[in-house]
Amino acid sequence: MECERSVRNGRDIGGNEMTLRVRFAPSPTGYLHIGGARTALFDWLFAKKNGGKFILRIEDTDTQRSTRESEESIIKDLKWCGISWDEGPETEGIFGPYRQSERVSAGIYEEYVNQLLKSGAAYYAIYELEDAEKILKKTTSKEEADDYREKGHSVTVNFRIPNGKTVFEDMAKGKMEFDNSTFDDLVIVKSNGYPTYNFAVVVDDHLMKISHVIRGEDHLTNTPKQIMIYDAFGWEKPKFMHIPLILGPDRTPLSKRHGGTSVDYFRSRGIIDRAFVNYLALLGWGVEDEIFDPFEKVESFDLYKLSSKPAVFDYAKLEWINGQHMRRMPIEELIEKFKLWMKDEYPKGMNWFEDSAYAEKVMEICRQKVNNLEALRNFVEPFFVEKPVPTQDAQKILDSHYAKSYLLAASDAIEKLDKWSVEEVEKAIRSVAASEDISKKKFFQLLRAALLGQTVTPGLFESIYVLGRERTLARIQCILNQRRASSARE
RNA sequence: GCCCUCAUCGUCUAGCGGUCCAGGACACCGGCCUUUCACGCCGGCGGCUGGGGUUCGAAUCCCCAUGAGGGCGCCA
C-alpha cells in the first residue's frame with residue numbers, strides 16, 4: 001500500500017525527514033466513550049509503531065456544552081487506559097496551546113479566516129433580524145458586516161463550496177469521490193466569533209503538522225469539506241483513515257440503553273485496564289492469541305488489517321478476557337490493580353491488605369473463579385472481615401438442627417491436625433464427613449457457611465488452609481456461641 | 001429525500017479464484033473434573049444476505065437488489 005510505504009520510510013515525497021504525527025481530538029462534552037477510547041488506542045499504536053508522535057488536542061469550541069470537568073474525566077480515563085501523549089494539555093509542546101478555546105483567545109484562527117475572506121473562498125453571511133436561519137445578504141466587506149452586526153443581525157463567516165469534485169484516498173476505504181454539489185456552504189466562524197469544528201480541525205491539524213488523521217467513520221463525510229478548506233489555503237493534506245464505529249447488540253449505535261458505554265463504567269465495574277484495551281484492540285482485529293497487552297504488541301500491530309465493518313460490542317467477551325488477565329497476571333500485579341480499584345469503589349476494605357502474605361494467598365485462591373474485580377471483592381471479603389455476615393442461604397444452613405454437632409466434629413478434627421497443609425486439611429475434613437451421618441455435600445456447605453458466611457466460595461480445603469487454624473477455629477466457635485446465645489434466649 | 005461506507009456462525013473474526021462440504025474465539029448446549037460456584041479439559045450446535053454475471057472453478061472478482069451503519073448543524 002502506497003501510504004504505508006511512505007510512512008515506513010519516514011520521509012516525505014521530497015525525501016526529507018519527517019515525523020509521523022497522529023492526534024486524538026476529543027470534545028469535552030461528556031465522558032470518554034468506548035469508541036473514543038478505541039480510536040485513541042489505534043491512534044496511539046499507529047503513532048508508536050511508526051516512531052511518531054501522539055498528540056492530544058481538546059476541541060472545546062462548543063462553548064455551550066464543553067466543560068472542564070469533562071475534559072478532566074476524559075484525561076483521567078485516557079490515562080487509566082494506559083494512553084499517554086507526547087504533546088497536549090499537561091505535557092504541552094511547541095505547537096500549543098492544545099485547547100482550541102485557548103487558541104481562539106490567542107487569535108490563531110483570525111488570520112486564516114481573513115485569508116479566506118480576502119481570496120473570496122469565504123464570505124460574511126448576514127442573517128435576517130426576524131429569522132436568524134435565513135441569510136439576508138452575503139458580503140466580503142468587513143465594514144458592511146460590522147454595520148449589520150451593530151444593528152443586531154447575527155453574522156457568520158461561511159466557506160464557499162467550490163464547483164467540481166473532491167477526491168481523496170482513504171487509507172482504509174480507498175479512493176473516495178464526492179460531488180461538491182452535494183454540500184452546502186459551511187459556517188466556519190459562528191456568530192459568537194468561535195470557529196466551527198470543520199474549520200478549526202483544518203487549521204490546527206495543519207499548524208500542528210499532523211500527518212495522519214485516524215478517526216471514527218462518523219467523520220468520513222466531513223473529510224471532503226475539510227479537504228476543500230485545505231485546498232483553499234493551498235496546504236498539504238494529511239493522510240486520512242476512517243475506522244468503523246462500535247454498535248450495541250441490536251446493531252444500533254452503542255448507547256446507555258445497552259448498558260455502560262463510558263470507560264469509567266467498565267473501570268468501576270471491575271474491568272482491568274489491560275483487559276479493557278485488549279478487548280478494544282481485539283474488536284475488529286483478528287489475531288492468533290486473543291489474550292495480550294496491546295502496548296506490548298506495538299510492533300505487530302497493523303492498522304491495515306483492521307476490519308472495515310462496524311463491530312458489535314460484546315460485554316460477555318470482555319468479561320472473559322478480563323478473567324483471563326486476572327488469572328494470568330502476576331499475583332502482585334493483580335493485588336495492585338485490585339487495591340487501586342478498591343480505593344475508589346470500596347475504600348473501607350483498604351485495610352484488608354495489611355497482612356500481605358495472607359492477602360496474597362487469599363487472592364490466589366479467589367482469582368481462579370471470577371472474571372472481574374467486583375466479583376473478586378465478594379469472594380475475598382469474608383476472608384478479611386472479623387466475622388463474615390452470612391447470606392440468607394448460609395444462615396439457613398447455620399440454623400439447621402444438625403449444624404452444632406457437625407461443626408463441633410469439624411472443629412475437633414482441625415484442632416488435632418499436626419501438619420497444616422491443604423492435603424492434611426482435606427484428609428481430616430473428609431474423614432469427619434465419612435464418619436458422621438451426613439452427606440459430603442451438606443457437610444461441606446455447612447463449613448462454607450460457618451467459615452465464610454457464603455454458600456459459594458473458593459475450594460473449601462484451600463479456604464480453610466488459607467484462613468489458618470486459628471481463624472478457622474475461632475469462626476466455628478463464634479457460630480457455636482451465637483447458637484448458644486440464641487437458644488438460651490428462647 | 002440526497003450523499004458515503006459496509007455485508008462469513010447469535011457476537012468478534014480467519015479466508016484475499018481451486019488446499020473451504022468454510023477455520024478459531026466468546027456465548028449457547030452436552031460431558032468430564034467435582035464439596036458449592038467457577039476455572040480447566042473434551043465434544044456439539046451454528047454462517048458465506050439474495051439474484052444475476054465473469055470463470056474450467058467463486059465466500060473470494062463485477063453488477064443489481066436488500067439490509068445495516070454514518071453524514072447532510074452557528075455539535076464535534
Side-chain angles (χ1 to χ4, degrees), chain A residues 25-30 36 59-66 100 125 127 132-133 154-158 170 172-174 176-179 181-184 186-201 215-225 242 244-247 249-253 279 282-291 305 307-321 323-324 326-327 366-371 375 379 393-394 426 429-430 433 439-449 452 454-461 463:
Chain A
S27 64
T29 53
E59 311 234 318
D60 55 351
T61 50
D62 184 340
T63 51
Q64 298 295 309
R65 299 195 300 147
S66 300
Q100 289 184 327
Y127 297 82
E133 306 268 286
S154 57
V155 175
T156 60
V157 179
N158 293 8
D170 185 274
K173 321 247 178 226
M176 302 292 307
E177 197 174 314
F178 292 85
D179 198 324
S181 65
T182 58
F183 300 107
D184 293 326
L186 55 141
V187 175
I188 58 172
V189 179
K190 308 177 196 179
S191 55
N192 66 3
Y194 266 69
T196 57
Y197 163 74
N198 275 121
F199 182 65
V201 245
R215 60 194 356 175
E217 208 176 276
D218 48 338
H219 285 290
L220 192 57
T221 39
N222 278 326
T223 309
K225 300 178 193 173
H242 294 92
L245 270 15
I246 299 178
L247 308 177
D250 56 0
R251 294 216 160 264
T252 62
Y279 179 67
L282 206 57
L283 202 53
W285 191 17
V287 286
E288 337 65 53
D289 182 10
E290 299 195 311
I291 305 301
K305 282 194 179 158
S307 161
S308 51
K309 86 180 199 211
V312 172
F313 192 85
D314 187 348
Y315 290 81
K317 184 136 189 185
L318 207 211
E319 283 270 325
W320 176 77
I321 289 191
Q324 292 296 319
M326 286 175 71
R327 258 159 260 130
C366 290
R367 91 211 274 207
Q368 305 303 332
K369 299 171 164 238
V370 294
N371 284 333
F379 247 50
D393 288 351
E426 173 160 7
I429 297 298
R430 280 192 189 282
S439 72
K440 270 189 295 185
K441 184 168 169 172
K442 262 189 165 172
F443 183 52
F444 293 158
Q445 284 302 76
L446 170 63
L447 286 176
R448 251 184 264 278
L452 300 167
Q454 296 184 0
T455 52
V456 177
T457 72
L460 215 214
F461 314 120
S463 296

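Note that these values count all heavy atoms, side chains included, but never hydrogens, waters or copies made by symmetry. Chain A is the first sequence line, chain B the second, and so forth, proteins listed ahead of strands; every chain is numbered from 1.
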Chemist: Pairs under 3.5 angstrom, nitrogen or oxygen only, protein versus nucleotides 6-9 of chain B, please.
Modeler:
{"residue": "B:U8", "atom": "OP2", "partner": "A:Lys309", "partner atom": "NZ", "Å": "2.4"}

Chemist: Both A:Glu177 and A:Val370 contact RNA chain B. Which one's nearest nucleotide lies toward the 5' end?
Modeler: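 Comparing both residues, the 5'-ward one is A:Glu177.
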
Chemist: Quick one: salt bridge (charged side-chain N to carboxylate O under 4.0 Å, His left out) partners of A:Lys225, sequence neighbours excluded?
Modeler: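 By the salt bridge (charged side-chain N to carboxylate O under 4.0 Å, His left out) rule, A:Lys225 matches no residue at all.
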
Chemist: Between the protein and nucleotides 72-76 of chain B, list the N/O to N/O atom pairs that are separated by less than 3.5 angstrom.
Modeler:
{"residue": "B:C74", "atom": "O2", "partner": "A:Ser191", "partner atom": "N", "Å": "2.7"}
{"residue": "B:C74", "atom": "O2", "partner": "A:Ser191", "partner atom": "OG", "Å": "2.7"}
{"residue": "B:C74", "atom": "N3", "partner": "A:Ser191", "partner atom": "OG", "Å": "3.1"}
{"residue": "B:C74", "atom": "N4", "partner": "A:Ala132", "partner atom": "O", "Å": "3.4"}
{"residue": "B:C74", "atom": "N4", "partner": "A:Ser154", "partner atom": "OG", "Å": "3.2"}
{"residue": "B:C75", "atom": "OP2", "partner": "A:Lys190", "partner atom": "NZ", "Å": "2.5"}
{"residue": "B:C75", "atom": "O2'", "partner": "A:Asp62", "partner atom": "OD2", "Å": "2.9"}
{"residue": "B:C75", "atom": "O2'", "partner": "A:Arg65", "partner atom": "NH2", "Å": "3.0"}
{"residue": "B:A76", "atom": "OP1", "partner": "A:Thr61", "partner atom": "O", "Å": "3.4"}
{"residue": "B:A76", "atom": "OP1", "partner": "A:Thr61", "partner atom": "OG1", "Å": "2.8"}
{"residue": "B:A76", "atom": "OP1", "partner": "A:Asp62", "partner atom": "N", "Å": "3.3"}
{"residue": "B:A76", "atom": "OP1", "partner": "A:Lys190", "partner atom": "NZ", "Å": "2.6"}
{"residue": "B:A76", "atom": "OP2", "partner": "A:Tyr197", "partner atom": "N", "Å": "3.2"}
{"residue": "B:A76", "atom": "O3'", "partner": "A:Glu59", "partner atom": "O", "Å": "3.3"}
{"residue": "B:A76", "atom": "O3'", "partner": "A:Glu59", "partner atom": "OE1", "Å": "3.3"}
{"residue": "B:A76", "atom": "O2'", "partner": "A:Ser27", "partner atom": "OG", "Å": "3.3"}
{"residue": "B:A76", "atom": "N6", "partner": "A:Asn222", "partner atom": "OD1", "Å": "3.2"}
{"residue": "B:A76", "atom": "N6", "partner": "A:Asn222", "partner atom": "ND2", "Å": "3.4"}
{"residue": "B:A76", "atom": "N1", "partner": "A:Asn222", "partner atom": "ND2", "Å": "3.1"}

Chemist: Is it true that A:Phe444 and A:Phe461 have ring centroids separated by less than 6.0 Å?
Modeler: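 For A:Phe444 and A:Phe461, the ring centres are under 6.0 Å apart.
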
Chemist: Searching all strands shown, indicate the nucleotide that pairs with B:C21 (Watson-Crick or G-U wobble; both distances under 3.5 Å).
Modeler: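 B:C21 is paired with nothing.
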
Chemist: If the condition is salt bridge (charged side-chain N to carboxylate O under 4.0 Å, His left out), which residues does A:Arg251 pass it with, not counting sequence neighbours?
Modeler: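 Residues passing salt bridge (charged side-chain N to carboxylate O under 4.0 Å, His left out) with A:Arg251: none at all.
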
Chemist: Given B:U35, is OP1 or OP2 found less than 4.0 Å from the side-chain N or O atoms of A:Arg448?
Modeler: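 It does not, given that no N or O in the side chain of A:Arg448 lies less than 4.0 Å from OP1 or OP2 of B:U35.
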
Chemist: Does atom NZ (A:Lys190) have a neighbourhood of more than 12 heavy atoms from anything else shown, all under 6.0 Å?
Modeler: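 Above 12, so yes.
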
Chemist: Respond yes when some side-chain nitrogen or oxygen of A:Arg251 is under 4.0 Å from OP1 or OP2 of B:C12, and no when none is.
Modeler: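 Checking A:Arg251 against B:C12: at least one side-chain N or O falls below 4.0 Å of OP1 or OP2.
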
Chemist: Can you tell me the Watson-Crick or wobble partner of B:A14, both distances under 3.5 angstrom?
Modeler: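 Because no pair has both required distances under 3.5 Å, B:A14 counts as unpaired.
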
Chemist: What's the gap between B:G10 and B:C48 when it is taken at their P atoms, as a whole Å value?
Modeler: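 Going atom to atom, P in each nucleotide, I get 8 Å.
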
Chemist: Taking atom P in both B:G47 and B:C61, compute the distance separating them and give it to the nearest angstrom.
Modeler: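 Their P atoms lie roughly 22 Å apart.
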
Chemist: Using Watson-Crick or G-U wobble geometry with both distances below 3.5 Å, tell me the partner of B:G40, or none.
Modeler: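 Partner of B:G40: B:C32.
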
Chemist: Using the P atom in both, what is the distance from B:U36 to B:C42, to the nearest Å?
Modeler: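 These two P atoms come out 22 Å apart once rounded.
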
Chemist: Considering every strand shown, what is the Watson-Crick or G-U wobble mate of B:C75 when both distances are under 3.5 Å?
Modeler: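 Partner of B:C75: none.
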
Chemist: Taking N or O atoms only and anything under 3.5 Å, show me the protein contacts with nucleotides 23-26 of chain B, one pair per line.
Modeler:
{"residue": "B:A25", "atom": "O2'", "partner": "A:Glu290", "partner atom": "OE1", "Å": "2.2"}
{"residue": "B:A25", "atom": "O2'", "partner": "A:Lys317", "partner atom": "NZ", "Å": "3.0"}
{"residue": "B:A25", "atom": "N3", "partner": "A:Lys317", "partner atom": "NZ", "Å": "3.3"}

Chemist: Roughly how far apart, to the nearest Å, are B:G71 and B:G52 at atom P?
Modeler: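 Pairwise P distance, B:G71 against B:G52, rounds to 36 Å.
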
Chemist: What pairs with A:Asp250 under salt bridge (charged side-chain N to carboxylate O under 4.0 Å, His left out), at least two apart in sequence or on another chain?
Modeler: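 Testing A:Asp250 for salt bridge (charged side-chain N to carboxylate O under 4.0 Å, His left out), a comparison that skips the adjacent residues, returns A:Arg257.
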
Chemist: Please give the nucleotide sitting opposite B:U5 as a Watson-Crick or G-U wobble pair, both distances under 3.5 Å, or none.
Modeler: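 Paired with B:A68.
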
